[in-house]
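In the text below, chain A, chain B and the rest are named by the order of the sequence lines, each starting its count at 1.
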Amino acid sequence: MKAATINILAIILLVLTLSTAAQAQIAVVVNKNNPMADISMKMLERAYLGKTTVFSDGQNIVLAEYAPLMESFFESVLGMTLNKAKVHWLKLILSGGTAIPPTKFDDVEDNKKFVMHNRGAISFMDMADADDTVKILTIDGKSPSAEDYPLK
Amino acid sequence: MGLNWVQCMNKGLNNRIAANCWAKRIFVFLLAMIALGLLAEPGYAEQSKLEVYGFFDMEAEVSNKDAAGKIWTFDQHHLNIITIYPLDNKFRVFAEVAWEHGPFYSPSEMIGNIYLARAYLEYKYSDAFQLRMGTFLTPFGIYNERHDATPTFISTFVPQSVYGEHELSFMGKGRLFAKHGTGVQVLGTLSANKWEGKYQLYLSNGRGPSPTERDNNANKGIGGRLIISLPIETLRLGASYYTDRNGDANNARQNALGFDSEFDYEDIHLETEVLLASLERLDISGAPSGDFRKISGYYLLGAYTFFDKLTPFARYEWIGDNIDKDGHTHNATTFGINYSITPSVKLKNEIQFRSEGETVNSYQFYVASIAVAF
């Protein structure tokens with residue numbers, strides 16, 4: 001009986017953890033010195049596909065990606081699975097494309113440091129982790145607190 | 001160092017001494033590139049460090065074409081190393097060195113190939129305008145700039161109807177457009193609303209006995225490529241053109257025009273290419289005659305990916321080496337299945353049913369391969 005109760009509690013905890021992860025709100029962040037305040041979904045897609053390599057002020061885009069949220073970010077922004085996105089980048093690099101593939105971070109602090117130290121950096125992370133060391137962008141004019149924010 | 005490169009060129013292109021000379025120079029060049037990378041700012045600084053990429057593959061193949069083909073064999077086909085060194089936000093140096101068929105060079109024997117596939121300085125003014133100077137892969141069709149990067153191919157081999165060697169009117173066999181060019185190239189991407197266009201225009205030495213160093217005629221290799229991505233983002237259309245005079249064959253004119261299309265929807269991938277080429281014939285004295293032999297080819301490929309891992313595919317291709325005459329057509333039908341162990345590691349299996357005109361009976365060719373990108 002005791003073991004069964006522990007098992008049930010463990011399952012409930014697991015479900016709660018998974019549902020929290022699934023509901024993670026993704027913040028798109030840039031360096032604090034980047035004049036940009038808003039980015040369109042189209043521009044975000046083009047940047048992470050390596051089709052756009054410079055910001056409107058001429059600064060080179062330096063892509064970063066946060067491993068725990070990559071799958072949901074690529075699904076939402078690129079409409080691609082992680083595998084397809086990787087294959088896309090392989091084709092781009094090996095055919096001489098000018099874009100530099102994203103630098104991958106497993107640790108959110110490393111991700112933030114990278115954005116903080118790279119003037120052209122753009123990345124994504126859980127909204128809860130985005131502090132004042134980075135600048136949070138609105139997407140198509142919608143702030144992360146908006147009901148219809150596209151990366152919820 | 002510069003003098004040494006010239007010395008290698010002076011040794012010619014096809015002898016062992018020259019090959020050894022090139023191998024040593026390329027090794028030193030790679031070491032220098034890696035040293036530059038090690039000296040670059042580490043850590044989180046603005047990206048200006050050496051990047052290294054590449055690919056490797058190995059094949060096992062057998063065919064029933066002839067006695068030699070019936071002996072199944074392994075082939076360590078490619079090991080290519082790509083180095084990219086960004087000098088600053090605008091300039092970068094891109095280089096690719098290829099080792100093919102497990103090369104081994106010694107004074108007494110030479111196996112496989114080692115060569116510089118690409119080496120250029122690139123200047124980026126914006127996404128809409130970039131300039132490349134050096135040796136580049138000719139922007140032609142879906143595959144030529146992907147070159148030999150088999151981890152990114154569906155089949156183990158690029159379609160021979162478009163990228164293979166075909167009978168030339170004046171000498172042996174050759175590609176219908178130059179694989180590489182040495183010269184300058186402008187390229188860029190333009191977008192408006194949901195339309196997007198990528199253009200590439202170039203001027204190179206064209207083909208000849210020493211295309212990377214000395215052109216032997218004033219008629220350069222000229223060409224371009226245009227890719228349009230439609231608002232239906234799953235469809236891309238491309239067109240390519242290349243023309244030069246072949247310095248190996250009394251400067252006979254060669255033209256190639258290609259059209260291609262790719263369609264991706266969910267797990268479906270379709271692609272097709274058409275090639276139309278014309279080769280100038282030589283007259284009795286060996287001079288270009290002004291009369292052209294026409295060649296055309298095409299292929300169709302369809303693939304479907306299950307569970308992001310398993311990709312069965314089929315391809316049909318046809319080539320008419322000389323559409324003015326009968327009996328010069330070849331075709332090949334390929335059925336295959338690939339398994340992606342990871343996005344960078346692919347296991348491939350395929351069988352090709354080939355028919356080569358009237359001179360060679362139909363035969364089957366089987367190849368299994370493993371291809372890795374890194």
Side-chain angles (χ1 to χ4, degrees), chain A residues 31 33 40 42-43 45-47 49-64 70-71 74-75 78-103 105 109-121 123 133, chain B residues 43-47 51 53-55 80 82 84 86 88-90 92 94 96 118 120 122 124-128 130 132 136-137 139 142-153 185 187-189 191 193-194 196 198 229 233-234 264 266-267 305 307-309 340 342-344 346 373-374:
Chain A
N31 183 279
N33 294 319
S40 66
K42 191 72 198 166
M43 166 85 174
E45 180 192 344
R46 288 175 53 78
L49 286 175
K51 292 181 172 180
T52 297
T53 63
V54 289
F55 286 116
S56 51
D57 66 347
Q59 177 72 39
N60 273 357
I61 295 175
V62 182
L63 298 168
M70 276 164 62
E71 199 157 344
F74 289 136
E75 194 68 52
L78 309 182
M80 282 183 185
T81 62
L82 204 53
N83 280 0
K84 280 186 180 158
K86 283 184 180 173
V87 170
H88 169 84
W89 274 99
L90 279 178
K91 285 181 186 174
L92 201 64
I93 296 161
L94 298 179
S95 60
T98 53
I100 298 168
T103 304
F105 293 99
E109 292 305 317
D110 289 341
N111 189 9
K112 279 191 274 189
K113 279 183 199 165
F114 183 83
V115 175
M116 203 164 73
H117 289 91
N118 282 280
R119 169 76 170 71
S123 188
T133 60
Chain B
Y44 299 111
E46 287 283 347
Q47 287 191 339
E51 296 163 53
Y53 304 99
F55 53 91
N80 287 39
I82 292 170
I84 304 170
D88 58 23
N89 279 346
K90 297 289 181 189
R92 70 173 189 165
F94 187 108
E96 179 181 352
R118 287 181 268 194
Y120 54 77
E122 186 176 85
K124 181 171 76 175
Y125 176 75
S126 67
D127 283 333
Q130 290 136 44
R132 287 177 180 171
F136 45 80
L137 291 162
I142 293 170
Y143 288 102
N144 201 56
E145 281 195 297
R146 257 192 262 161
H147 178 39
D148 297 322
T150 53
T152 69
F153 300 171
Q185 180 185 154
L187 67 157
T189 305
S191 58
N193 296 322
K194 289 186 174 180
E196 184 178 288
K198 180 182 178 188
S229 295
E233 292 179 8
T234 51
D264 286 287
E266 301 285 338
D267 294 311
T305 301
F307 317 116
D308 237 6
K309 293 277 185 192
S340 292
T342 73
S344 311
K346 273 187 187 172
F374 51 89

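By the salt bridge (Lys or Arg N to Asp or Glu O under 4.0 Å) test, Lys112(A) is found to be paired with Glu109(A), Asp131(A), residues two or more places apart in sequence or in another chain being considered. By the side-chain hydrogen bond (donor to acceptor under 3.5 Å, both in side chains) test, Arg92(B) is found to be paired with Glu122(B), residues two or more places apart in sequence or in another chain being considered.
The structure places OH of Tyr53(B) at 10.0 Å from CG of Leu90(A), a figure rounded to the nearest 0.5 Å. With values rounded to the nearest 0.5 angstrom, Asp264(B) atom CG is found 11.0 Å from His88(A) atom NE2. To the nearest 0.5 angstrom, Asp308(B) atom CG is 4.5 Å from Asn83(A) atom CG. Asn144(B) CG to Ser95(A) OG: the interatomic distance, rounded to the nearest 0.5 Å, is 11.0 Å. The CG atom of Leu92(A) lies 10.5 Å from the CD atom of Glu145(B); values are rounded to the nearest 0.5 Å. Interatomic distance, OG1 of Thr81(A) versus CZ of Phe307(B), reported as 14.0 Å (0.5 Å rounding).
Heavy atoms only, all atoms of each residue included: Arg118(B) and Gly96(A) are closest at NH1-N, 3.6 Å. Considering every non-hydrogen atom in both Leu94(A) and Ala149(B), the closest pair reads CD1-CB, 3.6 Å.
Heavy atoms closer than 4.5 Å to chain A are found nowhere in Tyr143(B), neither backbone nor side chain. With a 4.5 angstrom heavy-atom cutoff, Tyr120(B) touches chain A only via side-chain atoms.
For chain A, the option among Pro139(B), Ser340(B), Ser191(B), Pro151(B) with the highest count of heavy-atom pairs below 4.5 Å is Ser191(B). The candidate with the highest count of non-hydrogen atom pairs below 4.5 Å against chain A, out of Gln130(B), Glu196(B), Glu266(B), is Glu196(B).
Using modelled atom types, one finds a donor on one side chain and an acceptor on the other under 3.5 Å when comparing Lys124(B) with Asn60(A).
Atom CD of Glu71(A) has 12 or fewer heavy atoms from other residues, nucleotides or ligands within 6.0 Å. Residue-environment remark: OH (Tyr125(B)) stays at or below the threshold of 12 foreign heavy atoms within 6.0 Å.
Contact of the Asp267(B) side chain with the Lys84(A) side chain is registered, since non-hydrogen atoms from C-beta on lie closer than 4.5 Å.
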